[in-house]
Chemist: 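Have a look at the structure that comes next, please.
Order of the sequence lines fixes the chain letters, A, B, ..., with proteins taken first and strands second; residue numbering starts at 1 for each chain.
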Amino acid sequence: MHWEPSGDQHSRIERANMLRKIREFFYEKGVLEVETPALSSAANTDPFIESLKVATTQTGQEEQRYLHTSPEYAMKRLLAAGSGDIYQICKVWRAEPSSRQHNAEFTMLEYYRLGFKLSTLMTEVNTLLLSLIPNITKESHYTSYASLFLDNLGFDPHTVNEQLINSAVNDLVPGFIGDLDRQSALDLLLSHCIEPLFPKDRLTFVYDYPGSQSALAKTEFSIDHPDVLIAKRFEVYAGNLELGNGYEELTSAAKNETVLKNELDTRRKMNLPLEAIDQRFLAATKAGLPECSGIAIGIDRVLMLQNGVSEIKQVMNFSWENA
Amino acid sequence: MASYNTSEFKSGLKFMMDGDPYNIIENEFVKPGKGQAFSRVKIRNLKSGRVLDKTFKSGEKVEAADVMEVNAEYLYTDGEYWHFMEPTSFEQYQASSTAVADVLNWLKDQETYIVTLWNGEPLSISPPNFVVLKITECDPGIQGNTAQGATKPAIVETGAAIKVPLFVEEGELVKIDTRTGEYLSRAKEA
């Protein structure tokens, strides 16, 4: 019977060091470490993220609980309760196949900074990541979502017509099979044609996503195209490995509710399970979320870079297959 | 017919596409931070042997291919077909020249091969990892010469050309690794 850990002792030492460095980083800035439940009575409604379900019985009757896919809803309840700046390092779960760079159970750093604009958060995340991955020495690359498409594929993703997107998919990803809506076609082009071109030796920050990809980020009308809605969101990559996803957080209670309901509608259209909306989270937004920006970072991937390895299981003791 | 969801994709899975059976060689799950996930696969057309790269939207379904493997003994060829028999059921299969193309070098009477069947018809034949074959042609052996790496060309009973150490004689049996086509050792009997 195979029982040995996948990662070696070096990876364990590096993980412990990294967790300590993260805690020191936030301690110095006066950001409070918090914990929230891993098993929640509500699920993530995002149609592209599936929660793992746990049937609990200890109250005498069966109750459906969900392993959190990120501590976002619960941490925002703390923000609404006046917690101030907070961070959490915790395990999260996603019902997704494992791959070389993804494990269904992974360690996430999630943190929120009050009064931060998206650009302020990007600067701080850049400082944090570079301090954790000293082998990256090159200056980080910042680009908007629109410039990525304009520079590499020659069209503006916010205004391009369906016909041009479809012909780009046919020309550039000839092996693709199936139908795509507008946003999924952009996702395909981004992941297959653009991300592989990101410089390997530095961080890349991509910001200002299409409004349809806002999730719980603020949206605003584009300066260049006053009728185009932009999501105040960024993703940070090292090479083409995605490390984190940051938002200038949506604070309006009504808009938060609309986003969750729209996500359920999309789930209905896609024949996905209609999970329970987190009503406690929505109640907290009605009480009032402070203006803030927040990010979730995959710590295992940061460790991969710090250790110079290409598979996530090399920095985990027991990966999904070995758990 | 059963179908597979992309979340079930793994190497070795066989499915139908455009009327042909395919085998997944590699599967990579591509998931952007937000939005649509994809399965990027390297697949082999089991009829033509051609390898293709394809991308599926996560959640897409494919039809399972009725592909199975049986162990069968090689019997004979009539020039047009190569005949194999499953030794317990005595079921016989006739394989076309395309199906046997990759195994011709190692095809020997009464040896057991893996016959890949698609809808009951042989699609391809794979040899066992090791076969024992008789040397039918080579220069006389130099006894006592066991120098590492010194080899000479030889022809075996199936007609395949291999390299053998200098001490090997015509008429001797040798064990060959069919994956590399390399000589492994002398053998006593088949």
Side-chain angles (χ1 to χ4, degrees), chain A residues 46-50 94-102 104 169 172-192 194-196 206 209-210 212-217 231 233-237 240-247 270-272 295-298, chain B residues 1-67 118-119 123:
Chain A
D46 187 317
F48 294 112
I49 301 180
E50 277 313 309
R94 295 186 177 184
E96 287 166 0
S98 291
S99 68
R100 277 181 301 131
Q101 296 164 342
H102 182 66
V169 167
L172 301 169
V173 197
F176 179 74
I177 299 163
D179 297 320
L180 291 171
D181 61 21
R182 178 191 177 87
Q183 188 53 52
S184 296
L186 292 174
D187 291 342
L188 178 77
L189 293 169
L190 180 65
S191 59
H192 283 64
I194 301 177
E195 285 177 6
V206 182
Y209 277 69
S212 65
Q213 291 217 301
S214 68
L216 297 180
R233 219 192 102 191
F234 74 85
E235 292 213 19
V236 54
Y237 296 78
N240 61 353
L241 182 65
E242 191 223 339
L243 301 179
N245 205 333
Y247 297 170
M270 293 169 73
N271 286 321
L272 292 171
I295 185 166
I297 296 173
Chain B
M1 179 54 78
S3 66
Y4 299 116
N5 186 290
T6 55
S7 63
E8 297 170 87
F9 277 13
K10 58 175 185 225
S11 61
L13 189 104
K14 295 170 181 73
F15 68 94
M16 296 298 299
M17 195 176 73
D18 306 330
D20 281 356
Y22 284 85
N23 180 31
I24 297 182
I25 304 170
E26 267 174 46
N27 171 49
E28 192 190 358
F29 179 65
V30 183
K31 177 82 169 88
K34 278 277 175 285
Q36 181 66 53
F38 301 97
S39 276
R40 204 173 343 194
V41 291
K42 203 176 266 303
I43 54 177
R44 185 188 306 280
N45 182 318
L46 290 171
K47 274 167 76 180
S48 69
R50 236 158 55 93
V51 174
L52 304 174
D53 290 310
K54 289 282 172 193
T55 298
F56 290 87
K57 197 164 71 174
S58 214
E60 292 275 296
K61 284 192 167 69
V62 293
E63 189 192 321
D66 179 17
V67 171
W118 174 44
N119 298 332
L123 200 54

Chemist: Please classify the contact of A:Asp181 with chain B as side chain, backbone, both or neither, using a heavy-atom distance under 4.5 Å.
Modeler: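 A:Asp181 has no heavy atom closer than 4.5 Å to chain B.
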Chemist: Less than 6.0 angstrom separating the ring centers of A:Phe176 and A:His192, yes or no?
Modeler: no
Chemist: What's the separation between atom CG in B:Leu13 and atom CG in B:Asn23, rounded to the nearest 0.5 Å?
Modeler: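 Nearest 0.5 Å value for the CG-CG distance: 8.0 Å.
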Chemist: Is B:Phe29 close to chain A through its backbone or its side chain, or both, or neither, when contacts mean heavy atoms under 4.5 Å?
Modeler: both
Chemist: Using 0.5 Å steps for rounding, measure from the NZ atom of B:Lys31 to the CG atom of A:Asp187.
Modeler: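 Rounded to the nearest 0.5 Å, the NZ-CG separation comes out at 8.5 Å.
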Chemist: State, with a plain yes or no, whether a side-chain heavy atom of A:Leu186 is found less than 4.5 Å away from one of A:Gln213.
Modeler: no
Chemist: Considering only heavy atoms, which portion of A:Pro47 lies under 4.5 Å from any heavy atom of chain B: side chain, backbone, both, or neither?
Modeler: neither
